[in-house]
Amino acid sequence: MTSGESILDVENISKSFGGVQAISNVSLTLNKGDIVGIIGPNGAGKTTLVNLISGFLRPDTGVIRFKKRRISGQPPHRIANSGLVRTFQVMRPYHSLPAYKNLIIPLNSTRVKKMRAGKLGDLDAVAIDILEDIGFERDARVPYKAAGTLPLGYLKRLELARCIALKPDLILCDEIFSGLSMSEITSLIPLLEKLQMSGITLMMVEHRLRELFKLAGRVVVINFGEKIADGPPEAVMARDDVKAAYMGTEKTK
Amino acid sequence: MDTFERRKKRLDRSITVRCRGLYALNSWREMLFLLAPRLLLIVGLLAMPLFLDMYWQRVMCAAGIYALLALGFDFLAEYVGLVCLGGAMFIGVGGYISGVLNAYFGLPPLVTIPIATIGGAAISTLILSPCLRLRGIYFAIVSFMLPLFGVYLIIALGIFGSTEGISALDTLPNIWVEQYVIIIMVLISLFVVRRLVNEDLGLILRGIKDNDQAVRASGIDITAYRIRAVFIAALMGCFGGAYLSHLYGWLGLSLFAMDFSILPIAATVMGGMGTLAGPVIGAIFLTPMSEALRGFGQLRVVLYSVVLLGFILYRPEGILRYLDRKYHQFERWEKV
């Protein structure tokens with residue numbers, strides 16, 4: 001499935017908050033069409049990495065290139081318009097708007113406007129179509145309910161739908177499985193596979209390893225802001241330093 | 001001793017259950033039920049001047065200006081998430097532009113008012129735009145401070161008549177024109193803003209209020225949209241200022257008075273935050289009330305505060321939401 005062509009190149013980025021080194025010298029390459037998992041214990045700097053790539057934080061050093069073009073230092077909306085979008089770990093939908101109206105906002109971005117090239121049909125219909133693809137029942141009341149009243153499973157889907165509305169090339173999923181029930185996760189996995197088949201690259205920050213390994217062909221382990229392993233899931237999880245990062249070391253006994 | 005308890009039971013009027021949505025088009029009765037409150041406001045405002053004497057007609061002209069400011073305040077606070085206390089700045093900038101154009105260049109009000117509305121809104125937006133990154137209370141503080149900046153700039157430079165102001169500006173032809181200009185402007189603004197908040201632009205602005213990070217992640221430049229929102233509110237405020245300078249035929253530093261920033265807040269809270277029509281109604285009630293207490297001078301600010309406090313404590317939903325509920329529901333006491 002991998003074409004071997006890199007879509008995202010992260011080169012030696014570092015970020016510190018005051019005295020805390022959140023990310024130090026992380027390099028990472030994502031190939032087009034891949035699903036790559038980013039794992040690591042709490043506080044390892046996974047979300048910071050997502051924030052750095054999506055432009056919400058500015059790296060202290062290092063360069064990030066997306067489709068060979070430098071994006072580090074650009075504001076988030078520029079990066080999103082170039083086709084790199086992200087989900088948020090904490091779901092905060094536009095709670096006063098109905099679910100489908102939530103998608104009107106990304107549909108008004110310059111990226112989508114350019115793609116539609118002046119053919120401005122009914123955005124509401126486009127929004128409902130996207131929601132149907134992502135698992136909202138078109139004829140039910142769910143897409144028309146205020147987003148603030150939706151259950152978490154739907155909110156995660158809505159967050160994903162917000163990304164898909166931008167017709168992205170790369171989606172950074174920040175813990176999209178967390179807080180979901182097993183059945184909700186199993187229904188979400190085919191959706192993500194469908195995204196991959198349509199040519200979208202996915203970078204998934206996850207704590208739910210078993211579910212992640214069903215999808216990801218490659219995982220990157222981060223601990224204390226440093227990349228400690230990179231490779232296929234089985235090989236990575238077999239490594240002693242990864243086990244130590246997750247379970248703690250034997251030496252203390 | 002019988003100790004039954006009572007509770008208030010609220011029921012939707014059956015007609016409204018059917019009225020929400022297209023079904024209302026089924027019968028004249030239901031359409032009228034929905035139209036009546038809207039018509040009451042429109043016809044009420046248009047007919048009001050006929051029942052007032054000269055003095056109160058003038059007061060209602062001022063009420064119209066406050067209504068525009070309150071509408072702008074409500075729009076920015078509830079639909080964009082910017083608490084803007086810059087009402088006095090909008091009035092001042094609009095008023096000075098139209099007054100100066102009229103006094104120094106001899107342009108008639110018909111020309112100066114549109115120029116001051118658009119030009120003033122552009123200038124106000126430009127002044128406010130560096131602060132648009134600020135959120136919540138910080139934006140409120142900066143916008144509250146800016147009118148003072150205008151006042152001291154004019155005093156220090158000694159321009160535009162300095163502390164004396166400029167008098168003998170052209171006024172509008174007669175009291176009827178004066179009144180209907182502002183009343184029609186209020187109605188148009190209300191209509192436009194109410195439509196706007198449900199259009200795409202309005203949805204994006206509401207999105208920014210709910211979660212600005214997600215809007216940025218959706219590829220939208222939030223500062224650009226905030227600028228548009230401030231411009232829309234400034235248009236209404238600057239029109240009010242331009243109109244005010246021609247209403248009194250005089251301009252001075254009192255155009256930057258704190259009243260223009262404070263009364264709209266009281267009117268918005270009184271009318272119902274986020275209802276858009278509520279603040280207009282609030283301003284129409286509050287301005288004559290404050291006029292009746294003119295003798296107390298600066299104590300009037302205390303009145304606004306008391307109104308604010310009273311409504312926040314006892315009727316936080318505001319007049320309009322309260323009336324809306326009473327209109328669509330009926331209540332009765334029930335034994336439990």
Side-chain angles (χ1 to χ4, degrees), chain A residues 50-51 53-56 74-98 100-115 120 122-124 127 144 146-148 155 158-159 161-168 171-172 174, chain B residues 17 20-23 74-83 129-130 132-136 193-229 232 272-276 278 317-318 321 324:
Chain A
V50 171
N51 282 336
I53 297 174
S54 59
F56 282 87
Q74 283 187 3
H77 63 92
R78 279 266 187 84
I79 295 175
N81 277 323
S82 66
L84 194 169
V85 300
R86 65 167 294 183
T87 69
F88 286 90
Q89 188 176 355
V90 183
M91 302 294 110
R92 281 202 299 141
Y94 314 121
H95 53 77
S96 62
L97 305 179
Y100 74 106
K101 288 283 186 194
N102 271 250
L103 299 187
I104 298 297
I105 292 160
L107 288 176
N108 270 291
S109 64
T110 38
R111 177 178 175 82
V112 179
K113 273 185 187 160
K114 218 177 278 172
M115 283 186 171
L120 289 168
D122 184 14
L123 287 185
D124 287 356
Y144 309 98
L155 290 185
L158 187 62
E159 184 73 9
R162 184 182 62 69
C163 295
I164 293 168
L166 283 158
K167 296 208 186 341
I171 304 181
L172 310 179
D174 197 356
Chain B
V17 178
R20 303 250 158 82
L22 273 176
Y23 296 107
D74 192 32
F75 169 65
L76 283 184
E78 288 294 311
Y79 292 91
V80 195
L82 293 171
V83 180
S129 57
L132 287 178
R133 285 162 183 279
L134 302 176
R135 264 190 264 175
V193 175
R194 272 173 63 105
R195 288 298 295 262
L196 181 82
V197 295
N198 288 315
E199 293 293 319
D200 283 6
L201 173 61
L203 291 176
I204 293 171
L205 296 174
R206 287 159 74 181
I208 293 174
K209 194 212 167 196
D210 283 353
N211 184 354
D212 56 343
Q213 298 295 321
V215 177
R216 295 172 83 199
S218 303
I220 282 174
D221 184 2
I222 57 171
T223 313
Y225 275 88
R226 279 189 174 147
I227 286 175
R228 286 178 217 185
I232 290 164
M273 294 210 276
T275 55
L276 298 176
E317 56 191 352
R321 287 235 166 84
D324 183 67

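Per chain, numbering begins at 1; letters A, B, ... match sequence-line order.
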Scan the chain B/chain A interface and emit each donor-acceptor pair under 3.5 angstrom with its distance.
from, atom 1, to, atom 2, distance (Å)
B:Asp200, OD2, A:Asn108, ND2, 3.2
B:Asp210, OD2, A:His95, N, 3.1
B:Asp210, OD2, A:Ser96, N, 3.1
B:Asp210, OD2, A:Ser96, OG, 3.0
B:Asn211, OD1, A:Arg92, NH2, 3.4
B:Asn211, ND2, A:Arg92, O, 2.6
B:Val215, N, A:Tyr94, OH, 3.4
B:Ser218, OG, A:Arg162, NH1, 3.0
B:Gly219, O, A:Asn81, ND2, 3.0

Let me confirm one number: the CD1-CD1 distance from B:Ile222 to A:Ile105, rounded to the nearest 0.5 Å.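 Separation between the atoms: 11.5 Å.
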How many angstroms lie between atom CG of A:Leu123 and atom CG of B:Leu203, to the nearest 0.5 angstrom?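 Rounded to the nearest 0.5 Å, the CG-CG separation comes out at 10.0 Å.
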Checking [X] against chain B: side chain, backbone, both or neither under 4.5 Å from a heavy atom?
X	result
A:Pro168	neither
A:Pro76	both
A:Leu166	side chain

